[in-house]
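A quick write-up on the structure given underneath.
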Amino acid sequence: MRRWIFSLILVTMSVFCLTAQQNNSTLSGYVTEQGSRELLIGVNVYFPEIAKGTTTNRYGFYSITLPKGKYRVAYSFVGYQVEVRDIDLQTNITLDISLRSSLDIEGVEIKASPYERISEGTQMSTLILPVQQVREIPALLGEKDVFKTLQLMPGVQSGSEGSSGLYVRGGGPDQNLIILDDATVYNANHLFGFFSLFNGDALKSIELVKGGFPARYGGRLSSVVDMNMKDGNKEAFHGTAGIGLISSRLLLEGPIVKEKSSFIISGRRTYLDVLSMPFQPDGTRAGYYFYDLNAKVNYDFGPRDKLYLSGYFGRDKFYFSEVFFNSMLKAGFFWENGTGTLRWNHLYNNKLFSNTSLIYSNYRLKIYTEEQYNNSEFELNYQSGIRDLSLKHDLDYSIGPNHLIRAGIMVTFHRFTPSAVVIRDTDINLYDRKIKAIHTVESGLYLEDEAKIGDAFRINGGLRLSIFSHEEKTILRPEPRVSMAYKLMKDLSAKASFAIMNQYVHLLSNTGLGLPTDLWVPSTKNTGPQQSWQVAGGLAKDIPERNIELSLEGYYKKSNDIIGYREGASFLLIDDPTDAEEFEWEENLTQGQGWSYGIEILIQRKVGKLSGWIGYTLSWTQRQFDDINMGEKFWAKYDRRHDISLVAIYKLKERITFSGTWVYGTGNAITLPLAEYQAIPHNPMPGENTMWDYWYYVNDYGGKNEFRMAAYHRLDLSVQFHRQGKNSRSTIELGLYNAYNRKNPFFYYIGSADSYSYQRAPVLKQVSLFPIIPSISYTIDF
Amino acid sequence: MKLISAKILLFMSFLFLGSACEKIVTNVDLPDYQPKLVVQCFISPEDSNIIVYVSESSPIFKVGPVYQDLKISDATVRITGQGQDAIIPYLSDHQYYMLPKSAFPILSGATYTLQVSVPDGRSVSASTTVPSKLNTSLLINEINWIQGEFSDYEMNFRFQDLPGAGDFYRISAYFSDTDTNLGILNTYELFLEKGERVTSDLNKDENVFSYRVNYSTYSKNNKVTLLLLTTNEEYYRYHKTVFSYVGDDPFSEPVIIYSNIENGLGVFCAYRKFELDSLVGR
């Protein structure tokens with residue numbers, strides 16, 4: 001099978017090569033940032049006279065083949081000054097360009113480049129989040145958060161209050177493929193999901209794909225969050241330090257060998273545990289912390305080869321220990337993510353670019369308890385996790401002015417350990433290890449052609465073959481992908497896309513809150529892969545004189561074999577880890593269908609004195625499982641009819657930036673008890689006739705998720721004061737989360753109005769999480 | 001060995017942030033609810049009586065006494081099937097409706113319909129089919145004295161699923177405390193140390209299901225009774241939800257109790273019964 005697929009790719013490529021005319025030449029090169037030589041991703045390379053162009057790939061490389069001739073070419077990118085060059089393309093030309101950041105140019109009002117327009121691209125349902133905006137938007141406790149900024153985009157919703165989970169077009173957080181430098185991140189949560197792993201400091205680019213997925217991505221149903229780390233400044237040492245209410249952070253970058261090699265290292269740690277230390281009694285230690293560490297080094301071997309080594313490591317830990325006379329108790333739990341990526345960029349020639357990555361990713365949760373009393377010792381360790389080792393090879397081939405071919409393969413070896421328990425007890429001479437590991441292989445093979453047909457029509461068509469093997473069973477599923485754009489008039493395009501996605505890993509979540517106890521498990525012979533198809537259509541409009549982009553999209557997504565939990569199912573192994581061996585998660589799963597459809601509107605201004613966006617989503621999300629809600633369709637918990645977000649960043653003066661966000665969302669769909677009644681289980685013992693004794697009160701919930709919580713809305717404000725020093729720039733930020741102190745419901749419960757009464761007087765009560773919360777933070781870039 | 005549960009973790013995080021607050025909800029409309037009839041009836045060819053429990057549900061947001069009696073005594077309860085038709089009378093001593101087997105036999109493989117109506121005009125109905133299969137493969141593997149305990153034992157037992165998909169089971173174990181002169185003093189159900197009370201053979205056709213119970217015994221006539229019920233799907237789904245019912249817990253998905261009663265709540269279902277007695281005296 002695999003040989004057949006390779007042959008297909010080769011034949012396709014040969015056909016394109018033959019059709020490429022001989023009287024063409026290629027312009028190629030890298031685009032970097034002036035002053036740091038940081039490679040820039042997604043830079044527009046545009047030929048205005050012939051209305052053709054390309055963009056730099058995720059490694060900063062571009063290549064375009066055109067008929068021989070004289071051209072004017074413009075390089076443009078948000079937040080950078082446009083570079084325009086005149087070239088005489090008689091032979092192949094290599095042209096490396098460096099762009100100057102607009103931040104370095106004082107007193108100039110930034111204007112959007114005239115060449116960089118959403119109406120020009122094929123891709124739809126894709127959001128590129130400028131990292132700078134993450135830094136400017138107000139955040140809970142001043143902790144900047146990439147995922148919470150993404151939640152402000154249409155089609156992306158937050159779950160419950162404060163949670164950083166992403167619900168994209170009706171899909172759950174388990175259906176998002178989160179990749180950092182090619183490595184999959186399995187649990188992107190700190191502190192039970194109140195913060196995500198990514199604060200943006202070390203990131204160069206953030207892209208979210210909600211639909212119309214290019215064939216190079218696969219493995220999840222609903223979205224791809226593709227993040228790339230900065231490479232590190234190749235010319236001079238720089239750093240950023242920040243101090244906030246709950247954490248401090250530091251970033252250092254600089255050359256190792258000037259202009260050849262550089263490094264970047266960035267860390268963040270909370271310090272509540274350190275501050276509370278002096279107030280804890282003698283012999284007792286308890287606390288919580290989390291930290292993140294990003295690091296990357298690279299080496300430039302010349303125009304043909306570049307090597308990158310990058311990694312992320314982060315951990316959340318709760319711990320408790322007590323020493324008391326002759327006894328000692330230690331207990332706690334932690335969860336940690338680690339990723340590592342070794343990438344090699346190789347340029348075969350100026351048309352063919354390749355990247356080879358070796359990727360490692362590991363997530364684990366560990367719960368431990370250790371007791372000592374006199375000479376006896378008891379120890380229990382419970383672990384669950386997933387470990388991946390992947391190999392990936394991608395090719396970008398620029399055939400002519402109208403074709404860019406991408407092809408590649410990725411193979412991932414998964415090792416799942418849903419539960420591993422080690423118990424040691426010296427009293428009864430016990431030492432027991434129960435480790436259950438599952439090994440699977442997931443592969444993807446893709447071919448994409450980004451083509452321009454005529455002056456107005458662009459298409460990105462592709463096919464991905466996803467292959468999954470577990471024990472003797474192999475599943476092969478083709479995933480056709482296509483997105484198209486047709487230019488209706490200047491600055492206005494109509495777009496459409498279709499994509500099929502498969503997901504071979506499932507997240508078992510007890511609460512949907514993103515707790516570390518959530519478990520990743522593979523598809524098995526009983527629990528097949530999840531699948532979805534999505535169609536989307538829309539309009540993209542630019543209003544260049546006002547720097548405004550406007551997009552309107554409608555989508556319809558159908559998911560099959562999605563995972564649900566049988567009612568009353570529990571995945572909380574940690575309730576009794578010693579029983580873990582007998583834990584059979586498949587019994588608790590059920591598979592069903594999902595429907596999601598809606599309309600999204602985004603009006604965005606990426607640059608200017610006043611920037612930001614208005615996002616609106618009108619959507620419907622439903623589920624159906626044979627084993628849930630008696631087989632009837634029901635609204636998903638996060639089905640949100642209306643979702644509005646307003647984001648504004650206003651640079652009042654060179655030294656003062658105001659920003660504000662306002663969000664509104666229809667309340668979550670929940671199951672509320674309507675009545676109670678007496679449920680009698682059958683008592684099968686003969687002669688036992690007093691069965692009324694066995695009943696107990698249960699609730700009649702009506703249907704599942706038929707009740708709506710009150711709507712959610714919140715205003716956040718912040719003001720940043722900047723100070724430009726000789727070699728540094730410092731920022732003090734004052735923030736206000738939930739500025740008008742809206743008491744948004746986190747959950748509802750049935751309480752009693754009057755606890756002293758002998759009457760039942762039930763009332764509906766709500767618990768809210770975050771009232772108005774001020775924050776202050778300080779950042780210095782040097 | 002109960003360790004930390006997720007709720008405690010969450011609570012810790014609330015404490016950590018120290019800002020959760022509570023209030024009575026006034027900005028949403030509470031649902032309007034009309035009480036529904038609740039019917040429970042479990043029939044079997046191996047049972048001597050047909051017993052029907054009838055009660056009604058009570059709206060949550062209703063001010064009233066803390067303990068309420070929701071039983072209904074004036075309903076008309078009618079069972080039909082296999083060409084027979086009978087009204088089941090109310091027994092006020094027991095507060096349920098009962099008909100002896102002799103008046104209305106229940107046959108394996110047959111389908112029956114139950115209709116319940118009350119004077120105010122509400123009426124509900126349900127149908128169920130008695131399983132034609134009966135699993136009799138219940139076996140005791142071994143009985144072991146629990147080391148270090150004076151009179152505590154553990155009993156391991158098992159059964160094998162019948163060939164073919166769509167089989168459902170219930171397992172119950174009872175201990176009968178017996179006095180030589182007075183006979184059985186009392187009978188109580190034993191907790192299953194291993195295994196689930198209700199099981200389905202979904203993905204497990206012809207598998208062996210194993211169980212364990214612990215008990216203490218002093219008298220030589222003491223007895224453990226093991227029951228293996230081969231049930232229909234309605235029986236399984238109702239008990240699966242009733243046994244896993246969690247009540248109001250904001251951190252887990254509520255269990256919606258299964259019902260096959262049209263326009264009402266509860267269940268009308270059927271089972272077959274196999275019994276295994278074992279004298280466990282010392």
Side-chain angles (χ1 to χ4, degrees), chain A residues 191-192 288 318 333 367 369 380 510-511 515 517 526 565 567-568 572 574-578 586 629-630 671-682 684-685 688-689 692 698 700-702 704 707-710 743 747-750 758-771, chain B residues 1-6 9-10 12-13 16 19-25 27-28 30-31 33 35-36 38 40 42 53 55-61 63-66 70 94-96 170 172 174 187 203 227 229 239 241-246 248 250-258 265 273:
Chain A
L191 190 64
F192 313 116
Y288 165 79
F318 275 92
F333 63 98
I367 299 165
T369 164
L380 186 141
N510 219 54
T511 55
L515 295 185
T517 50
N526 298 325
Y565 315 114
E567 285 159 354
L572 267 190
I574 54 170
D575 263 356
D576 192 353
T578 52
E586 282 178 303
N629 198 34
M630 295 199 263
T671 310
L672 192 73
L674 305 174
E676 21 178 53
Y677 66 99
Q678 295 160 332
I680 309 166
H682 175 221
M685 189 60 187
E688 295 287 297
N689 280 333
W692 274 114
V698 296
D700 175 12
Y701 291 100
K704 187 177 171 71
F707 187 75
R708 287 283 169 175
M709 290 168 101
K743 288 191 172 61
F747 63 79
Y748 284 160
Y749 72 97
I750 310 283
Y758 290 104
Q759 291 272 311
R760 267 157 47 91
V763 286
L764 189 63
K765 286 192 172 179
Q766 76 167 43
V767 172
S768 320
L769 220 46
F770 300 121
Chain B
M1 181 67 209
K2 292 271 168 190
L3 262 183
I4 314 146
S5 94
L9 308 189
L10 263 165
M12 283 167 80
S13 64
F16 172 77
S19 51
C21 83
E22 258 188 39
K23 69 164 195 164
I24 292 176
V25 177
N27 54 355
V28 286
L30 294 176
Y33 186 87
K36 292 180 194 165
V38 182
Q40 278 109 352
F42 316 95
Y53 306 90
S55 58
E56 66 179 335
S57 59
S58 162
I60 285 279
F61 298 106
V63 178
V66 175
L70 300 169
H94 294 290
Q95 298 184 303
Y96 54 57
R170 159 113 185 242
S172 293
Y174 297 88
T187 298
N203 302 329
L227 296 180
L229 309 188
H239 286 91
T241 49
V242 168
F243 291 152
S244 58
Y245 185 74
V246 285
D248 289 324
F251 300 113
S252 41
E253 279 300 297
V255 177
I256 294 173
I257 304 274
Y258 173 81
L265 297 163
K273 181 157 77 179

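Note on naming: letters A, B, ... go to the chains in the order of the sequence lines (proteins, then strands), and numbering restarts at 1 for each one.
Pairing each heavy atom of B:Pro31 with each of A:Leu674, the nearest pair is CG-CD2, 3.2 Å. Minimum interatomic distance between A:Leu764 and B:Phe61 (heavy atoms only, all atoms of both residues): N-CE2, 3.6 Å. The two residues B:Ile60 and A:Ala675 come nearest to each other via the heavy atoms CG1-N, 3.4 Å. For the pair B:Phe42 and A:Pro681, the tightest heavy-atom approach, listed with the atom from each and the gap, is CZ-C, 4.0 Å. In this structure, B:His239 and A:His682 approach most closely via the heavy-atom pair NE2-N, 2.9 Å.
With a 4.5 angstrom heavy-atom cutoff, B:Leu265 touches chain A only via side-chain atoms. Using a 4.5 Å cut-off between heavy atoms, B:Ser172 touches chain A through its side chain atoms alone. Heavy atoms of B:Val38 lying under 4.5 Å from chain A belong exclusively to its side chain. If you measure heavy-atom distances from B:Leu70 to chain A, the contacts under 4.5 Å come from both the backbone and the side chain.
Within the model, atoms CG of B:Leu30 and CG of A:Leu672 stand 7.5 Å from one another, a figure rounded to the nearest 0.5 Å. How far OH of A:Tyr701 is from CD1 of B:Ile257: 8.0 Å, rounded to the nearest 0.5 Å. Remark: A:Tyr677 OH to B:Gln40 CD distance equals 7.5 Å, nearest 0.5 Å.
In this structure, the salt bridge (Lys or Arg N to Asp or Glu O under 4.0 Å) partners of B:Lys36, at least two apart in sequence or on a different chain, are A:Asp700.
Looking only at heavy-atom pairs under 4.5 Å with chain B, the residue among A:Met709, A:Lys743, A:Gln766, A:Arg708 that has the most is A:Gln766. Annotation: maximal heavy-atom pairing with chain A below 4.5 Å, among B:Val63, B:Val28, B:Val25, occurs at B:Val25.
A donor-acceptor pair is defined here as one N or O able to donate and one able to accept, closer than 3.5 Å; such a pair exists between the side chain of B:Lys273 and the backbone of A:Pro684.
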